[in-house]
2 protein chains.
Amino acid sequence: MAPNDAVLAPFRKQGHDHGKCVRDALTAAEQVCAREGASLTPLRRRVLELVWGAHAPVRAYDLLDTLRGERRRAAPPTIYRALDFLLSVRLIHRIESLNAFVGCADPKHSHGGQFLICDGCGAVAELDDPTIARRVADRARALGFTPRRQTIEISGRCPDCAADG
Amino acid sequence: MAPNDAVLAPFRKQGHDHGKCVRDALTAAEQVCAREGASLTPLRRRVLELVWGAHAPVRAYDLLDTLRGERRRAAPPTIYRALDFLLSVRLIHRIESLNAFVGCADPKHSHGGQFLICDGCGAVAELDDPTIARRVADRARALGFTPRRQTIEISGRCPDCAADG
DNA sequence: CTGTTTATGTTATATTATAACAATCTCTGT
DNA sequence: ACAGAGATTGTTATAATATAACATAAACAG
């Protein structure tokens, strides 16, 4: 097994500096958008902040509820457009098995991402193990298939929840 | 790369004997249910037949529309319950990235399954490469995570569609 | 044949997502 | 500054996916 540099975002300890995670993510986002000529408007920036705020996958309508507290005219398209933008510049990932969204732990480098999702507490860890990604892609190509996007999501129990039922 | 015994269901050629696929699947389903003491009622059997009928992922409401032609009182719960049953005995898989369902190519053996999904024609191939499954599970366990279920879906272009845009 | 469990019917509603068009903002060239 | 073009957001409506809750009926165990 390769070393753990494949771990982009581990499960977080209870008392980690959450605010710092969010600030770092926003700083990285500014840089990514500047580099790509994408426009990180206040709305988009705020939605990204809300996504990171949870440090777990967040559903679109939960974001919408929060956003409505501060922006009365927010409607579903408001959120979905912001999410679409953030997906397009890869600042967030969509967790297909939850219909929810998480901040991308390493937006500066393109990657598919592999997600460990805890059934107990909802926490998510993001991996990027190139061995897995490559093996999957090789398998696909061996069948004449041209891979474009990988969705790899593992549900189970995080270390903290493994002890419980 | 290991040989192709990891391929449970390849992409199908145009003129393959589709009816035989469906009949074989229903036969296998009878056996699996008999073995597990699960009750494959006419309704559940019919829904499984409809899922296999398409030989591609089918959405719940498409199944419902079809079913309504022959069973007037069918409603969303009718379909969702049948699908839940079929999932529980692993006769079908849910494709998370499409909100759709496909017949399981090898219901007699428990497996997570890896899916190649063509953006062009919607066809799906099902793999079960133990190397991938094991590597993913090992990675998870190395982080103290207890894996329960793997969702691995690769979208791209099947051999027939790769030539096109 | 009777109570219990399993399966299905039925109505209503929750959740997730997009279509379509209007208004506003931003940026560019002049 | 101003006009035009393109991008972003507002607004209303609705589509698509899924489940809750309770009623009825079928299967089957004692």
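We name chains A, B, ... by the order of the sequence lines, and we start the count at 1 in each one. Side chains included, hydrogens not; waters and symmetry mates left out as well; all remaining heavy atoms used.
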B:Y61 (side chain) and D:dA15 (base): donor-acceptor pair under 3.5 Å = no

Provide, to the nearest angstrom, the distance between the CD atom belonging to A:E96 and the P atom belonging to C:dT16.
-> 14 Å

Using a heavy-atom cut-off of under 4.0 Å over every strand shown, decide if A:R71 touches base, sugar-phosphate, or nothing.
->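 The residue A:R71 makes sugar-phosphate contact but no base contact.
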
Would you indicate what B:R68 reaches in the nucleic acid, counting non-hydrogen atoms under 4.0 angstrom: base, sugar-phosphate, or nothing?
-> nothing

Compare all side-chain heavy atoms of B:E153 with those of B:H93 and state whether any distance is below 4.5 angstrom.
-> no

Any [X] side-chain N or O less than 4.0 Å from OP1/OP2 of [N]:
X     : N      : answer
B:R73 : D:dT24 : no
B:R44 : C:dT8  : yes
B:T41 : C:dT8  : yes
A:R59 : C:dA14 : no

Which sits closer to the 5' end of DNA chain C, A:R81 or B:A74, going by the nucleotide each is nearest to?
-> B:A74

Qualifying salt bridge (Lys or Arg N to Asp or Glu O under 4.0 Å) pairs with a residue from residues 67-93 of chain B, counting only residues at least two apart or across chains | B:R46-B:E70

Do the ring planes of A:F11 and B:F145 sit parallel (below 30°), tilted (30 to 60°) or perpendicular (above 60°)?
-> parallel

Check ion pair B:D138-B:R141 (N to O, under 4.0 angstrom) |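 The answer is yes: the pair qualifies as a salt bridge.
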
